[in-house]
Amino acid sequence: MNILMTVARRLGHAFLLVLAVLILNFLLIHMAPGDPAEVIAGEMGGATEEMLAEIRKTYGLDKPVIVQLGIYLGQAIQGDLGQSFFYNAPVLELILGRIGPTILLVTAALTFAIFIGTMLGVLSSHKPKGALSGFVTLFSVIGYSAPIFWTGLMLVIVFAWMFPIFPIANMYNITLEGGFFVRVLDVLHHLVLPALTLGIVYIAQYARLTRASMLEILGSDYIRTARAKGVVEVKIYGYHALRNAILPVVTIAGLQFGSIISGAVLVETVFSWPGLGTLAFDSILARDYPTVLGILFFSSLLVIVANLITDIVYRFVDPRIRTGG
Amino acid sequence: MKKLTSIIAAAAILTAGSVATSQAEPKSGGTLVIGSTQKARHLNPAVQSGIATAVPGTQIFATPLRFDANWQPQPYLAESWKVSEDGQSITLKLRANAKFHDGKPITSEDVAFSVETVKANHPFKTMFAPVTAVETPDPLTAIIKFSTPHPAASLTMSSALLPIIPKHVYGDGQDAKTHPANSKPVGSGPFKLVEFKAGEHVILEKNPDYFIEGRPYLDKIIIKNYKDTTSLTLATDTGEVLMYPFLSSTRDIARLKKNSNLEITNKGYEAVGPLNWLAFNTKNQYLKDKRVRQAIAYAVDRNFIVKALHAGFSKPATGPVGPGSPFFAADVNKFEKDLDKAKALLDEAGFKAGDNGTRFSLKVDYIPGIAEMQKNVAEYLKPQLKKVGIAVELRAAPDFPTWAKRVGGHDFDMSMDVVFNWGDPVIGVHRTYICDNIRKGVIWSNTQSYCNKEVDALLAKAGTETDQKARIALYQEAQKKIVEDVPQVFLNTLPYHTAYNKKVGNPPVTIWGAMSPLDEVYLK
């Protein structure tokens with residue numbers, strides 16, 4: 001019951017949040033200089049006033065902004081996110097076509113970051129003053145401070161151009177012939193560099209976080225007790241200590257879902273990864289209002305869902321929260 | 001002895017012939033991957049200009065005519081054509097075997113429908129403005145009538161300018177600009193659409209019923225979108241992309257030139273005629289004086305731009321028509337760098353240097369994203385114009401729409417700009433100079449607010465002059481006047497190049513380059 005109430009309350013908040021996101025973004029993007037008709041005209045190599053007026057009329061841009069907002073919200077509530085000005089296709093169709101690759105990239109990066117980050121954190125907590133620990137600290141500083149697009153470009157230069165192990169861009173090789181398994185491998189092959197780029201920042205953070213909380217926990221009484229009972233070190237690290245040390249990582253990972261999605265915009269742009277990020281980038285440049293709004297709507301939904309999942313996972317990992325203790 | 005010489009000569013010719021044949025024997029099959037950073041909104045060039053739509057569009061749709069590398073029209077969908085003596089009509093005889101990709105035959109009705117659609121929807125209004133009617137006496141004959149002679153007519157029937165679109169698909173009453181078939185087009189060109197993923201790729205496959213027998217040679221063409229020129233250059237370098245047209249970054253050209261698997265050519269951009277220039281708002285309080293504009297033209301060193309900023313890959317531009325065009329005027333004032341002359345002109349205009357050496361200040365805008373052509377040149381202008389007492393401030397735009405809003409809205413002093421000739425001056429040149437094309441809010445109209453009645457009259461006359469020599473003379477005179485009036489400082493041509501893998505045979509080098517049917521291209 002308790003959890004159901006929490007979820008219901010969360011959903012209520014989420015609805016208001018989404019509404020606020022929609023209204024704010026609508027007003028923000030309309031404040032940017034230049035309008036879609038000019039971009040379309042630019043793409044067309046010029047246009048006449050009549051043509052511009054016609055384009056504005058077609059997309060309802062001739063109406064006052066507040067009327068446009070009303071129309072938009074009315075449609076959005078009914079699940080109609082409108083028609084893309086630029087690609088001349090339903091926004092929902094465009095987003096659904098792109099959301100899969102983004103989820104794949106974000107999930108891969110996050111899984112990878114949590115796994116490697118935690119592992120590095122645990123290993124370096126073993127000998128806090130050892131070489132590995134020093135390396136983790138250095139790596140964290142570099143990983144965290146390097147701009148994500150720079151990291152991406154460096155990885156491309158080293159692993160796709162100097163040593164052509166991985167592809168430069170895109171999600172799959174369209175010229176490839178082969179069955180399902182071959183295609184899956186091909187996508188994974190394309191996924192490595194983007195996921196690594198997006199994950200590096202978080203690996204660094206998670207490693208630091210795990211290391212710090214491991215060090216704290218390893219000094220606590222119950223670990224001493226476990227050691228006194230003769231529990232093997234592997235079990236102490238892997239089970240008793242890690243289970244508690246991972247809690248902050250889970251919390252942070254959930255909270256960071258929003259920022260990881262915004263990171264995905266940059267990574268997708270660098271790697272031409274056909275996800276929401278690339279679509280968002282192109283749509284902003286084209287002042288394609290409905291598409292930009294649709295993407296922001298979807299990404300806010302993703303963040304909300306991710307936070308809900310975090311809550312649930314948290315309860316699962318930490319029984320004290322489950323029982324309300 | 002004479003006999004022996006002729007035998008040797010004959011043998012030499014035979015050998016040469018056989019070598020040439022063995023080198024140039026096209027082979028069927030294979031997939032050509034073309035890389036592009038330009039993303040198509042849709043694939044119907046009848047209602048959309050621009051490279052992104054034109055490259056796939058010219059593969060999917062056939063046009064009545066095509067042009068060779070020497071600006072000569074060649075039969076394409078029309079097996080023959082005849083321009084009437086008064087130049088006021090053109091009669092097209094269509095091929096009897098031409099079919100759309102859905103199997104329906106192409107008739108003169110489709111030609112009439114296409115002309116009407118392009119006339120009503122294409123941004124290049126001047127192309128078909130003189131069209132009064134399209135007569136269709138029989139299914140294979142279309143007679144296009146003009147109100148005035150239209151010497152540019154045959155060119156407007158090539159490349160992406162007049163795609164023949166099926167009336168039975170597009171004639172269903174929906175708005176052509178937003179027609180769903182624009183993204184799932186049915187044409188009659190050498191390739192048909194397999195898949196179009198906006199912003200990702202266009203996959204085309206061989207049209208087995210193509211009306212030219214034995215062609216195309218390629219099985220497939222894939223046009224792959226890359227986010228930026230850096231990743232596209234890397235992909236070309238590693239062989240992931242076999243052809244990279246519209247390559248313009250001089251650093252990338254230099255880099256790809258070093259790759260022994262690649263060939264680089266600057267052929268194929270004669271019709272596009274891309275120019276980089278510094279435009280003036282002639283309504284500006286300083287720039288309204290012709291002497292000030294001339295002074296700026298004298299202060300700028302084109303050689304520096306071409307040699308230092310563009311590593312010698314671009315060419316100096318001297319007028320509104322690109323050097324690859326038959327209408328190019330070489331005999332114009334070149335405004336060779338002369339700082340003293342520039343200063344004298346500014347003095348004469350009444351703008352004496354103040355105590356700090358500055359006469360007045362101006363802002364310069366530039367298109368973001370193509371730094372080599374735009375931002376870098378704008379940055380060069382700052383210290384260069386300072387030498388003659390003009391303080392220049394760079395005004396950056398975060399993206400294209402912001403820039404377009406400013407320049408289209410005449411809210412600028414000076415702006416860097418890139419403008420294409422699009423084959424015939426009627427299409428791409430008149431728009432920038434004629435008085436009645438000063439349209440606030442419309443980018444690539446006469447945003448300079450330049451108006452010279454003499455130039456107007458010359459352009460109007462040249463636009464309808466059917467005698468090619470007389471037409472060239474008229475355009476040359478118009479160019480001389482325009483250059484002297486300096487609505488822009490013509491800086492350089494864009495260094496467009498095509499990088500292609502050595503596996504690619506018959507790369508596109510006609511005047512329209514990659515914006516023409518790639519039915520002769522093959523893989524070795």
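Values reported hereafter were calculated over all heavy atoms of this structure, with side chains retained and with hydrogens, waters and symmetry mates removed.
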With a 4.5 angstrom heavy-atom cut-off, could you sort out which part of B:S231 is near chain A: side chain, backbone, both or neither? both
Please flag which part of B:N437 lies under 4.5 Å from any non-hydrogen atom of chain A: side chain, backbone, both or neither. neither
Can you list the residues of residues 164-174 of chain A that sit under 4.5 Å from chain B, counting heavy atoms only? A:I168, A:A169, A:N170, A:Y172, A:I174
Part of B:H42 lying under 4.5 Å from any heavy atom of chain A: neither
Give, as side chain, backbone, both or neither, the part of A:A89 having an atom under 4.5 angstrom from any heavy atom of chain B. neither
Give, for atom CE of A:M162 and atom CG of B:L234, the distance between the pair rounded to the nearest 0.5 Å. 11.5 Å
Within 6.0 Å of NZ in B:K125, more than 12 heavy atoms from elsewhere: yes
Report yes or no: does B:R41 contribute a side-chain atom to a donor-acceptor pair with the main-chain N or O of A:Y87 at less than 3.5 Å? no
Is B:D399 reaching over with its side chain to a backbone N or O of A:L285, donor-acceptor style, under 3.5 angstrom? no
Within the structure provided, determine whether A:R98 and B:K197 are in side-chain contact (heavy-atom separation under 4.5 Å). no
Has B:K220 got more than 12 heavy atoms of other residues, nucleotides or ligands less than 6.0 Å from its NZ? no
Looking at A:I66, I'd like to know if its CD1 atom is crowded, meaning that more than 12 non-hydrogen atoms belonging to other residues, nucleotides or ligands lie closer than 6.0 Å. no
Choice from B:D237, B:D228, B:T31 maximising heavy atom contacts with chain A below 4.5 Å: B:D237
Relative to chain A, which segment of B:V419 carries a heavy atom at a distance below 4.5 Å: side chain, backbone, both, or neither? neither
Heavy-atom proximity to chain A below 4.5 Å, by part of B:I203: side chain
For chain B, find its close neighbours in residues 269-283 of chain A: heavy-atom separation under 4.5 Å, sorted by number, or none. A:T269, A:S272, A:P274, A:T278, A:F281, A:D282
Relative to chain A, which segment of B:I222 carries a heavy atom at a distance below 4.5 Å: side chain, backbone, both, or neither? side chain
